[in-house]
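Structure first, commentary second.
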2 protein chains.
Amino acid sequence: MKKNSRLSAVLHALMHMAERDAPMTSDDLALCLDTNAVVVRRTMAGLRDAGIVQSGRGHGGGWVFARPLAEISLLDIYHALGEPIVFQIGPATESPGCVVEQSVNRVVGDALKDAEAILMARFAQTRLSDLAADFGAAAKARRALTDTG
Amino acid sequence: MKKNSRLSAVLHALMHMAERDAPMTSDDLALCLDTNAVVVRRTMAGLRDAGIVQSGRGHGGGWVFARPLAEISLLDIYHALGEPIVFQIGPATESPGCVVEQSVNRVVGDALKDAEAILMARFAQTRLSDLAADFGAAAKARRALTDTG
DNA sequence: CGGATTCGTAACATTTGTTGTTACATGAAA
DNA sequence: TTTCATGTAACAACAAATGTTACGAATCCG
């Protein structure tokens with residue numbers, strides 16, 4: 001299956017936004033992500049609804065953060081994207097009648113659930129400011145948002 | 001996209017095999033799994049190549065275990081299936097030129113890698129005999145294979 | 001006001017992976 | 001030799017993510 005790259009894509013976009021003070025248009029971001037402006041809007045829509053970013057129309061419009069980077073976790077982003085499916089592997093039947101299949105689903109499902117919990121915990125404790133620091137944009141990001149927030 | 005259910009499907013099939021002493025044909029298993037015999041053969045092929053099961057043709061043929069259930073881990077099965085992709089979420093670009101994207105990929109990739117390691121560890125420590133015990137087929141399974149192994 | 005800019009969104013095409021199906025060859029047992 | 005069963009290739013059906021086009025709505029600037 002094709003992988004769902006919305007999480008990585010949106011993080012990439014947000015980090016480019018963090019490098020700038022001014023709003024970035026969907027076309028700007030589409031260039032950064034090597035994709036289409038419509039795809040950018042589609043992906044960012046969830047973040048806007050979640051109050052993570054804001055969009056403005058017309059001249060001087062575009063995308064800006066609605067909160068300081070230190071107050072946005074990867075888990076916030078993940079949820080704002082509609083909680084994309086984490087695992088590609090899964091049961092053949094959700095509610096099987098066969099007790100054997102029920103047993104298999106329970107054992108494998110528990111393992112997947114635990115792994116997912118680990119992942120979510122990691123996402124929860126990682127902030128956008130950490131990500132920005134990772135490539136040396138920490139200072140810029142702080143100047144751009146923490147002061148105003 | 002559709003989920004990859006081969007792991008669950010093959011475990012379901014193996015547990016039905018564990019309930020019986022006699023070989024089960026692909027048609028038998030296809031009935032259990034509510035699918036097609038060709039799909040069963042296709043999926044089981046990896047397990048046969050890995051020496052986990054054996055297939056026999058002609059009258060009285062079908063699928064049997066090649067090792068005791070206690071000596072087969074879920075990780076063995078997972079590898080035998082060609083290590084299906086675990087995560088549906090992933091990076092947009094594998095080897096990006098953009099340093100920002102590299103940073104994002106590293107952070108998200110590390111989190112995914114850790115979660116995958118947790119999952120693999122769980123798979124490694126879970127044997128088919130554990131699975132069989134989970135639905136009360138432990139006695140049967142032991143009678144069928146541990147004695148002969 | 002009018003034009004340029006930019007987001008919002010629906011509709012459709014493209015791509016890719018999984019699963020289902022058909023057809024036929026190969027091997028083994030009765 | 002007939003029947004049963006696997007091995008495998010080829011193709012169809014289906015689903016999900018992404019790319020593309022088109023058009024509407026809001027905003028800014030002159």
Side-chain angles (χ1 to χ4, degrees), chain A residues 1-10 12-13 17 22-50 52-64 66 81-94, chain B residues 1-10 12-13 17 22-50 52-64 66 81-94:
Chain A
M1 285 181 183
K2 204 180 256 184
K3 280 200 172 183
N4 184 326
S5 59
R6 267 175 294 180
L7 180 62
S8 293
V10 90
H12 184 188
M17 284 169 58
M24 288 187 76
T25 69
S26 300
D27 272 317
D28 291 338
L29 293 172
L31 269 178
C32 291
L33 306 191
D34 196 29
T35 181
N36 190 290
V38 175
V39 175
V40 172
R41 293 192 197 109
R42 193 191 288 158
T43 309
M44 299 283 280
L47 303 201
R48 183 191 55 227
D49 297 346
I52 295 170
V53 297
Q54 288 177 341
S55 60
R57 306 201 210 198
H59 282 274
W63 299 92
V64 292
L81 289 175
E83 308 191 6
I85 301 298
V86 171
F87 293 108
Q88 183 148 4
I89 61 184
T93 313
E94 283 303 333
Chain B
M1 277 190 180
K2 212 179 253 182
K3 277 201 171 181
N4 185 324
S5 58
R6 268 176 293 181
L7 180 61
S8 293
V10 91
H12 185 189
M17 284 169 58
M24 288 187 76
T25 68
S26 300
D27 273 317
D28 293 338
L29 292 173
L31 270 178
C32 292
L33 305 192
D34 194 31
T35 182
N36 190 288
V38 176
V39 175
V40 171
R41 293 193 196 107
R42 192 190 289 159
T43 309
M44 299 283 281
L47 303 201
R48 183 192 54 228
D49 297 346
I52 295 171
V53 297
Q54 288 176 341
S55 59
R57 306 202 212 199
H59 283 271
W63 299 91
V64 291
L81 289 175
E83 308 190 7
I85 301 298
V86 171
F87 293 108
Q88 183 147 3
I89 61 183
T93 314
E94 283 303 333

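The shown structure was predicted, so the numbers you read here are calculated from the model rather than taken from an experiment. All chains are named by letter (A, B, ...) in the order of the sequence lines, taking the proteins before the strands, and each is independently numbered beginning at 1.
Judged by atom type and distance alone, B:His59 reaches the base of D:dT3 through a side-chain donor-acceptor pair under 3.5 Å. With hydrogens and angles ignored, no donor-acceptor pair under 3.5 angstrom links the side chain of B:Arg57 to the base of C:dA29. Residue side chain A:Arg48 does not reach the base of C:dG8 through any donor-acceptor N/O pair under 3.5 Å, judged by distance alone.
Rounded to an integer number of Å, the gap from B:Ile85 CD1 to C:dT16 P is 15 Å. Between the CG atom of B:Asp34 and the C1' atom of C:dG20 there is a distance of 12 Å, given to the nearest Å. Whole-Å rounding puts the B:Asp27 CG to D:dC4 C1' distance at 10 Å. In this structure, B:Asn36 places its CG atom 15 Å from P of D:dA5, rounding to the nearest Å. When rounded to the nearest whole Å, the span between CD1 of B:Ile89 and P of D:dA17 equals 12 Å. A straight line from CG of B:Leu29 to C1' of C:dG20 spans 17 Å, rounded to a whole angstrom. B:Arg42 has its CZ atom 11 Å from the C1' atom of D:dC11, to the nearest Å. Atom-to-atom, CG of B:Leu81 to P of C:dT19 comes out at 11 Å; the value is rounded to the nearest Å.
In this model, the phosphate group of D:dA5 is not approached by any side-chain N or O of B:Thr25 to a distance below 4.0 Å at OP1 or OP2. Listed pair B:Arg6 / C:dT18 meets the phosphate criterion, a side-chain N or O lying under 4.0 Å from OP1 or OP2. Taking only side-chain nitrogens and oxygens, A:Ser26 never comes nearer than 4.0 Å to OP1 or OP2 of C:dT6. A sub-4.0 Å separation between OP1 or OP2 of C:dG20 and a side-chain N or O of B:Thr35 is present. In this structure, B:Ser5 does not reach the C:dT18 phosphate: none of its side-chain N or O atoms is under 4.0 Å from OP1 or OP2. Proximity of A:Arg41 to the phosphate of C:dG8: no side-chain N or O atom is located under 4.0 Å from OP1 or OP2.
For the atom pair OG1 of B:Thr25 and CZ of B:Arg41, the computed distance is 8.5 Å after rounding to the nearest 0.5 Å. Taking CG from B:Asp34 and CG from B:Leu29, the interatomic distance works out to 13.0 Å, rounded to the nearest 0.5 Å. The line from CE of B:Met44 to CG of B:Asp49 is 11.5 Å long, rounded to the nearest 0.5 Å. Summarising the geometry, atom CZ belonging to B:Arg42 is positioned 12.0 Å from atom OG belonging to B:Ser26; distances are rounded to the nearest 0.5 Å.
Residue whose closest nucleotide on DNA chain D sits further toward the 5' end, between A:Val39 and A:Gly60: A:Val39. Comparing B:Gly58 and B:Ser55 by the nucleotide of DNA chain D that holds the closest heavy atom to each, the one mapping nearer the 5' end is B:Gly58.
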Go through the steps for A:His12 and B:Thr93 under the test side-chain contact (heavy atoms from CB on, under 4.5 Å), then give the verdict. CA-CA 11 Å; A:His12 184 188; B:Thr93 314; over 6 Å; no
